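Structure record follows, encoded as structure tokens.
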Amino acid sequence: MRVGLTGGVASGKSTVSAILAELGAVVIDADLLAREVVAPGTEGLAAVVEELGPGVLTPDGALDRPKVGALVFADPAKRRALEAVIHPRVRARAAELEAAAPPGAVVVHDIPLLAETGQASGFDAVVVVDVPDDVQVDRMVRIRDMSEEDARARIAAQASREERLAIATYVVDNTGSLEDLRRRVEEVYRTIESSTT
Ligand SMILES: CC(C)(COP(=O)(O)OP(=O)(O)OC[C@H]1O[C@@H](n2cnc3c(N)ncnc32)[C@H](O)[C@@H]1O)[C@@H](O)C(=O)NCCC(=O)NCCS
Ligand SMILES: Nc1ncnc2c1ncn2[C@@H]1O[C@H](COP(=O)(O)OP(=O)(O)OP(=O)(O)O)[C@@H](O)[C@H]1O
């Protein structure tokens, strides 16, 4: 069983995937892989430098993530260039991890840009974590200390709430408490598990 998990920035995907992992799913996290493939010393990092220039490195040779974020969320062409380096490498690594999952596992792919990259049809089910834009902004500003402008730029780089809901098999509303979220995720997981038997 292959499940896609998505949602806008700061909607609660990582929180949902942590609950799904506790419930027994094998979770493959695209954001984590997107860091691995540009770790210091990788050919992925060299390819990013080729595209965006050496100014995107910190003095110790790592990707300067805040700097790259400021660059690519203000310039769609640069964002696409970065994605063209990172996405194929993330997909290859995700496929390797999936191949190593135990037989019969529920494999959850946590992919922020699942709707944007047209991957929905490749999954048996798609779970969308849904909150209004203002809740995303509030969580980025309050918890992550981002400016409202940066938060809105990231949202603007993503599919709309409606575009994501259109590909959902299951919608997980995350406007309530963390306890509400856990209850809903357990309910969805039970339904997914029972659909595999
Ligand atoms: C621009 C980068 C360096 C900023 O790093 P930073 O540590 O601030 O953010 P992080 O990687 O943890 O991403 C946090 C969230 O930002 C959003 N986001 C990231 N990349 C993108 C993008 N290309 N388009 C739209 N939203 C994005 C997602 O909601 C993601 O969950 C980084 O996000 C990146 O390398 N992005 C390009 C790769 C990509 O598309 N990743 C997303 C899934 S593979
Ligand atoms: N129901 C909730 N109530 C209060 N805070 C929440 C709730 N759900 C998530 N959060 C908090 O909001 C923040 C964003 O959640 P999380 O990191 O799970 O989102 P995400 O979608 O994975 O983000 P990103 O797109 O940046 O990877 C976290 O600090 C998380 O603890």
Side-chain angles (χ1 to χ4, degrees), residues 4-22 27-39 42 44-45 47-49 51-52 55-58 62-95 97 108-119 127-147 150-161 163-164 172-185:
L5 169 68
T6 195
V9 57
S11 58
K13 289 179 306 301
S14 306
T15 311
V16 169
S17 63
I19 298 169
L20 288 170
E22 271 177 45
V27 175
I28 299 175
D29 179 338
D31 273 340
L32 202 67
L33 298 182
R35 285 170 189 262
E36 278 181 23
V37 300
V38 294
T42 56
L45 184 57
V48 171
V49 170
E51 287 295 331
L52 301 180
V56 298
L57 295 177
T58 61
L63 192 67
D64 186 334
R65 304 186 70 86
K67 196 173 204 173
V68 176
L71 203 65
V72 304
F73 293 113
D75 183 339
K78 289 203 168 67
R79 195 171 73 242
R80 278 183 217 109
L82 178 67
E83 290 172 355
V85 170
I86 293 185
H87 290 181
R89 289 167 175 80
V90 166
R91 286 189 198 189
R93 188 71 191 114
L97 292 174
V108 175
H109 289 263
D110 178 346
I111 307 180
L113 304 182
L114 196 155
E116 292 81 345
T117 52
Q119 294 181 72
V127 176
V128 172
V129 185
D130 180 53
V131 293
D133 293 8
D134 286 347
V135 171
Q136 291 172 266
V137 172
D138 179 62
R139 289 186 185 152
M140 279 184 272
V141 170
R142 251 184 336 103
I143 307 173
R144 296 192 179 155
D145 227 12
M146 275 171 86
S147 71
D150 286 352
R152 293 211 181 268
R154 235 175 244 225
I155 290 173
Q158 302 192 338
S160 68
R161 194 177 173 191
E163 285 166 328
R164 268 191 302 271
V172 171
D173 170 274
N174 188 22
T175 54
S177 67
L178 289 168
E179 291 70 35
D180 294 334
L181 179 65
R182 174 174 288 276
R183 258 194 302 278
R184 174 64 181 143
V185 173

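The model shown is predicted, which means the values in this text are computed figures rather than measured ones. Counting convention: from 1, in listed order, for ligands and their atoms alike.
Atom 32 (C) of ligand 1 has as its closest protein heavy atom R65 NH2, 3.5 Å. Residue, atom and distance of the protein heavy atom nearest to atom 12 (O) of ligand 1 are R35 NH2, 3.0 Å. Nearest protein neighbour of atom 9 (O) of ligand 1, counting heavy atoms only, is R154 NH1, 3.2 Å. Scanning all protein heavy atoms for the shortest distance to atom 28 (C) of ligand 2 gives I143 CD1, 4.4 Å. Closest to atom 19 (O) of ligand 2 among all protein heavy atoms lies G12 N, 3.1 Å. Among protein heavy atoms, atom 37 (C) of ligand 1 sits closest to L82 CD2, 3.6 Å.
Contact annotation for T15 and ligand 2: heavy atoms of both the backbone and the side chain come within less than 4.0 Å of the ligand. The proximity of S177 to ligand 2, defined as any non-hydrogen pair under 4.0 Å, is limited to the backbone. Looking at D31 against ligand 1, only its side chain comes within 4.0 Å, counting heavy atoms. Counting heavy atoms under 4.0 Å from ligand 1, residue V72 touches it through the side chain alone. Under 4.0 angstrom from ligand 1, the non-hydrogen atoms of L113 all belong to its side chain. Contacts with ligand 2 closer than 4.0 Å are made by heavy atoms of both the backbone and the side chain of K13. For D31, every heavy-atom contact with ligand 2 shorter than 4.0 Å involves the side chain, none the backbone.
Between A70, A10, A34, it is A34 that holds the heavy atom closest to atom 41 (N) of ligand 1. With S11, S14, G8, G7 as candidates, the residue nearest to atom 22 (O) of ligand 2 on a non-hydrogen basis is S14. Atom 23 (O) of ligand 2 has its nearest heavy-atom neighbour, among R182, R139, R144, in R144.
Near E83, meaning under 4.0 Å from any of its heavy atoms, are these atoms of ligand 1: 22 (C), 23 (N), 24 (N), 40 (O). Here is the list of ligand 2 atoms found below 4.0 Å of a heavy atom in V9: 25 (O), 26 (O). Residue F73 approaches ligand 1 through these ligand atoms, each under 4.0 Å from one of its heavy atoms: 1 (C), 18 (N), 19 (C), 20 (N), 21 (C), 22 (C), 24 (N), 25 (C), 26 (N), 27 (C). Those atoms of ligand 1 with a heavy atom of A157 less than 4.0 angstrom away are 25 (C). Against a heavy-atom cut-off of under 4.0 Å, P112 is close to the following atoms of ligand 1: 28 (C), 29 (O), 31 (O), 43 (C).
The shell of residues lying under 4.0 angstrom from ligand 2, judged by heavy atoms, excludes S17. By the 4.0 Å heavy-atom criterion, H87 is counted among the residues contacting ligand 1. Using a 4.0 Å cutoff on heavy atoms, A18 does not count as a contact of ligand 2. Ligand 2 lies within reach of A10, whose nearest heavy atom is under 4.0 Å from it. The shell of residues lying under 4.0 angstrom from ligand 2, judged by heavy atoms, excludes P112.
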(request) List the steps and the verdict of side-chain contact (heavy atoms from CB on, under 4.5 Å) for T117 and R91. (result) CA-CA 12 Å; T117 52; R91 286 189 198 189; 3.6 Å; yes
